[in-house]
**Student:** 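Sending over a structure as structure tokens; questions will come in a sec.
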2 protein chains.
Amino acid sequence: MTVATTQIGCIKAATEILGDKWTPQLLRFFINEETVRFCQIQDLVGGINPRTLSARLTQLEDHDIITKSFTSSSRCEYQLTEKGRDLLPVLHSMEEWSNKYA
Amino acid sequence: MTVATTQIGCIKAATEILGDKWTPQLLRFFINEETVRFCQIQDLVGGINPRTLSARLTQLEDHDIITKSFTSSSRCEYQLTEKGRDLLPVLHSMEEWSNKYA
DNA sequence: TCTAATACTATACATTGTGTAGCGATAATG
DNA sequence: CATTATCGCTACACAATGTATAGTATTAGA
């Protein structure tokens with residue numbers, strides 16, 4: 001009982017990130033591509049609203065899961081932090097489950 | 001590129017389940033308690049809307065992740081299927097990440 | 001029989017996500 | 001150097017989703 005409550009609290013941080021629509025898919029791209037640009041994601045993911053994408057990237061930055069670096073005064077690219085790369089095992093286990101039951 | 005697209009598609013099944021608000025928390029309870037009742041979840045999770053809970057349970061049933069069995073004509077309990085138990089590794093990896101960065 | 005719990009549903013509202021358009025700035029092309 | 005395309009977003013109105021609160025029929029327990 002107490003155990004249960006404790007463990008549920010502990011999953012929350014991950015669900016707050018991965019629970020948002022598109023976020024797991026986005027992170028997948030980061031893992032495959034190392035550095036990613038805004039419009040690259042738009043093209044690859046297909047169907048994501050730029051406003052939503054913008055919100056996700058900002059949120060991921062705020063949580064230190066990705067970093068934004070400018071390649072010129074107006075163009076930028078994003079890449080995973082260590083914290084972000086640590087999500088890889090989660091994404092892998094999701095992939096395994098998905099493959100088994102797709 | 002082609003690889004990326006393939007892999008993203010593969011994560012989708014898991015995100016469709018775990019991406020909905022509350023669902024990972026719910027599943028956590030199933031794992032700890034084996035069989036769970038509607039109001040038990042309401043109490044344990046705290047704050048989940050019964051309408052939302054109802055929708056989640058129906059969805060999980062539709063995806064063969066839980067089964068519903070009646071203990072009387074109007075009372076029932078839910079439990080994980082094998083497919084549902086296979087989500088345990090995902091939840092564990094989410095827990096690990098959460099613990100590391102909470 | 002009375003009370004409390006179970007497993008929900010109903011309604012109105014708040015929050016979140018979407019489609020489409022567009023904008024200022026920069027990079028590529030001719 | 002002028003034109004065109006691309007980049008990284010924002011704005012708007014709308015659709016979908018989740019929430020607070022209340023309520024319902026049934027039933028288990030005292």
Side-chain angles (χ1 to χ4, degrees), chain A residues 1 8 11-30 33-63 65-80 84, chain B residues 1 8 11-30 33-63 65-80 84:
Chain A
M1 205 88 83
I8 274 95
I11 239 184
K12 214 182 149 197
T15 60
E16 274 171 9
I17 301 298
L18 301 173
D20 284 328
K21 193 172 178 181
W22 300 110
T23 302
Q25 278 93 332
L26 296 192
L27 291 173
R28 209 82 188 86
F29 281 116
F30 279 96
E33 317 270 335
E34 302 238 341
T35 70
V36 198
R37 292 163 167 261
F38 194 94
C39 65
Q40 224 180 336
I41 304 176
Q42 281 190 110
D43 295 345
L44 288 170
V45 175
I48 187 170
N49 188 296
R51 176 175 169 165
T52 306
L53 176 53
S54 182
R56 291 296 174 275
L57 292 171
T58 306
Q59 185 208 18
L60 290 172
E61 239 198 303
D62 290 346
H63 283 87
I65 289 163
I66 60 171
T67 48
K68 180 182 189 171
S69 50
F70 283 87
T71 55
S72 82
S73 61
S74 79
R75 313 254 163 134
C76 57
E77 56 186 23
Y78 301 90
Q79 57 184 317
L80 287 179
Chain B
M1 205 87 83
I8 274 95
I11 241 184
K12 214 182 148 196
T15 60
E16 275 171 8
I17 301 299
L18 301 173
D20 284 327
K21 194 171 178 182
W22 301 111
T23 303
Q25 278 92 332
L26 297 192
L27 291 173
R28 209 81 188 86
F29 281 117
F30 279 96
E33 316 270 335
E34 301 238 340
T35 70
V36 197
R37 291 161 169 263
F38 193 94
C39 64
Q40 223 181 336
I41 304 177
Q42 281 191 110
D43 295 345
L44 289 170
V45 175
I48 188 170
N49 187 295
R51 178 176 166 164
T52 305
L53 177 53
S54 183
R56 291 294 174 277
L57 293 170
T58 306
Q59 186 207 16
L60 289 173
E61 239 198 303
D62 290 346
H63 283 86
I65 289 163
I66 59 172
T67 47
K68 180 182 191 173
S69 50
F70 283 87
T71 54
S72 82
S73 62
S74 78
R75 314 256 162 135
C76 57
E77 56 187 22
Y78 301 91
Q79 57 185 315
L80 287 178

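In what follows, chains carry the letters A, B, and so on, assigned in the order in which the sequence lines appear, proteins first and then strands, with residues in each chain numbered from 1. All values below were derived from every heavy atom in this structure, side-chain atoms included, with hydrogens, water molecules and symmetry-related copies excluded.
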**Student:** C/dT26 phosphate, OP1 or OP2: any side-chain N/O from A/S73 under 4.0 angstrom?
**Tutor:**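 Yes.
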**Student:** Nearest to the side chain of A/R37, heavy atoms from C-beta on, is which of D/dT27, D/dC7, C/dT18?
**Tutor:**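 Out of D/dT27, D/dC7, C/dT18, the nucleotide with an atom closest to A/R37's side chain is D/dC7.
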**Student:** Does A/K68 place a side-chain N or O at less than 4.0 Å from the phosphate oxygens OP1/OP2 of D/dC9?
**Tutor:**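 Checking A/K68 against D/dC9: at least one side-chain N or O falls below 4.0 Å of OP1 or OP2.
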**Student:** State the CD1-CG distance between B/I41 and B/L57, to the nearest 0.5 angstrom.
**Tutor:**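 Atom-to-atom, B/I41:CD1 and B/L57:CG are 5.0 Å apart.
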**Student:** With sugar-phosphate meaning primed atoms plus P, OP1 and OP2, does B/F70 contact a base, only sugar-phosphate, or nothing at under 4.0 Å between heavy atoms?
**Tutor:**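 No contact.
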**Student:** Tell me the interatomic distance from A/Q59, atom CD, to D/dC9, atom P, rounded to whole angstroms.
**Tutor:**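 Those two atoms, CD and P, are 15 Å apart.
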**Student:** Does B/N49 get its side chain close enough to the base of D/dG18, under 3.5 Å, for a donor-acceptor pair?
**Tutor:** no
**Student:** Tell me whether the side-chain N/O atoms of B/R51 come closer than 4.0 Å to OP1 or OP2 in D/dT17.
**Tutor:**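 The answer is no; no side-chain N or O of B/R51 sits under 4.0 Å from OP1 or OP2.
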**Student:** Using the side chain to side chain contact (heavy atoms under 4.5 Å, CB included) rule, take B/V45 and B/L53 through it: C-alpha gap first, then chi angles, then the decisive distance, then the call.
**Tutor:** CA-CA 10 Å; B/V45 175; B/L53 177 53; over 6 Å; no
**Student:** Would you compute the distance between atom NZ of B/K68 and atom CG of B/L60 and round it to the nearest 0.5 angstrom?
**Tutor:** 12.5 Å
**Student:** Does a nitrogen or oxygen in the side chain of B/K21 sit under 4.0 Å from OP1 or OP2 of C/dT16?
**Tutor:**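 For C/dT16, OP1/OP2 do not have a side-chain N/O of B/K21 under 4.0 Å.
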**Student:** What is the distance, to the nearest angstrom, from the CG atom on A/L57 to the C1' atom on C/dG17?
**Tutor:**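 Checked: the CG to C1' distance equals 15 Å.
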**Student:** Name the residue closer to the 5' end of DNA chain C, choosing between A/G47 and A/T71 according to the nucleotide with the nearest heavy atom.
**Tutor:** A/G47
**Student:** For the side chain of A/F38, counting heavy atoms from C-beta on, which of C/dA7, D/dC9, C/dT9 is nearest?
**Tutor:**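 Side chain of A/F38 sits closest to D/dC9.
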**Student:** How far does NZ of A/K21 sit from OG1 of A/T23, to the nearest 0.5 angstrom?
**Tutor:** 11.5 Å
**Student:** At less than 4.0 Å, is any side-chain N or O atom of B/Y78 found next to OP1 or OP2 of C/dC8? Yes or no.
**Tutor:**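 So the side-chain polar atoms of B/Y78 do come within 4.0 Å of the phosphate oxygens OP1 or OP2 of C/dC8, strictly under.
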**Student:** Would you please test A/T15 and B/Q25 for side chain to side chain contact (heavy atoms under 4.5 Å, CB included) and show each step?
**Tutor:** CA-CA 9 Å; A/T15 60; B/Q25 278 92 332; 3.9 Å; yes
**Student:** Report yes if a donor N or O on one partner sits less than 3.5 Å from an acceptor N or O on the other, where the partners are the side chain of A/R75 and the base of C/dT26; otherwise report no.
**Tutor:** yes
**Student:** If I take atom CD in residue B/Q42 and atom P in nucleotide D/dT19, what distance separates them, rounded to the nearest angstrom?
**Tutor:**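 Answer to the nearest Å: 13 Å.
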**Student:** Just N and O in the side chain of B/S74: are any of them under 4.0 Å from OP1 or OP2 of C/dC8?
**Tutor:**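 Looking at the OP1 and OP2 atoms of C/dC8, neither is under 4.0 Å from any side-chain N or O of B/S74.
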**Student:** Can you check the A/L26 CG to D/dG8 C1' distance for me, whole Å?
**Tutor:**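 Those two atoms, CG and C1', are 15 Å apart.
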**Student:** Please report the distance, rounded to the nearest Å, between CG in B/D20 and P in D/dA16.
**Tutor:** 16 Å
**Student:** Find the distance B/Q40:CD to C/dT6:C1' and express it as a whole number of Å.
**Tutor:**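 Computing the B/Q40:CD to C/dT6:C1' distance gives 12 Å.
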**Student:** Rounded to the nearest 0.5 Å, what's the gap from CZ on A/R28 to NZ on B/K12? Could you check?
**Tutor:**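 Between atom CZ of A/R28 and atom NZ of B/K12 there are 15.0 Å.
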**Student:** Could you tell me how far apart A/R56 (CZ) and D/dT10 (P) are, to the nearest whole angstrom?
**Tutor:**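 Rounded to whole Å, this separation is 14 Å.
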**Student:** Would you tell me if any nitrogen or oxygen in the side chain of B/S72 comes within less than 4.0 Å of OP1 or OP2 on D/dT26?
**Tutor:**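 No, no such contact exists.
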**Student:** Could you tell me how far apart B/I48 (CD1) and D/dG18 (P) are, to the nearest whole angstrom?
**Tutor:** 10 Å
**Student:** Under 4.0 angstrom, heavy atoms only, what part of the nucleic acid is A/T52 near: base, sugar-phosphate, or nothing?
**Tutor:** base
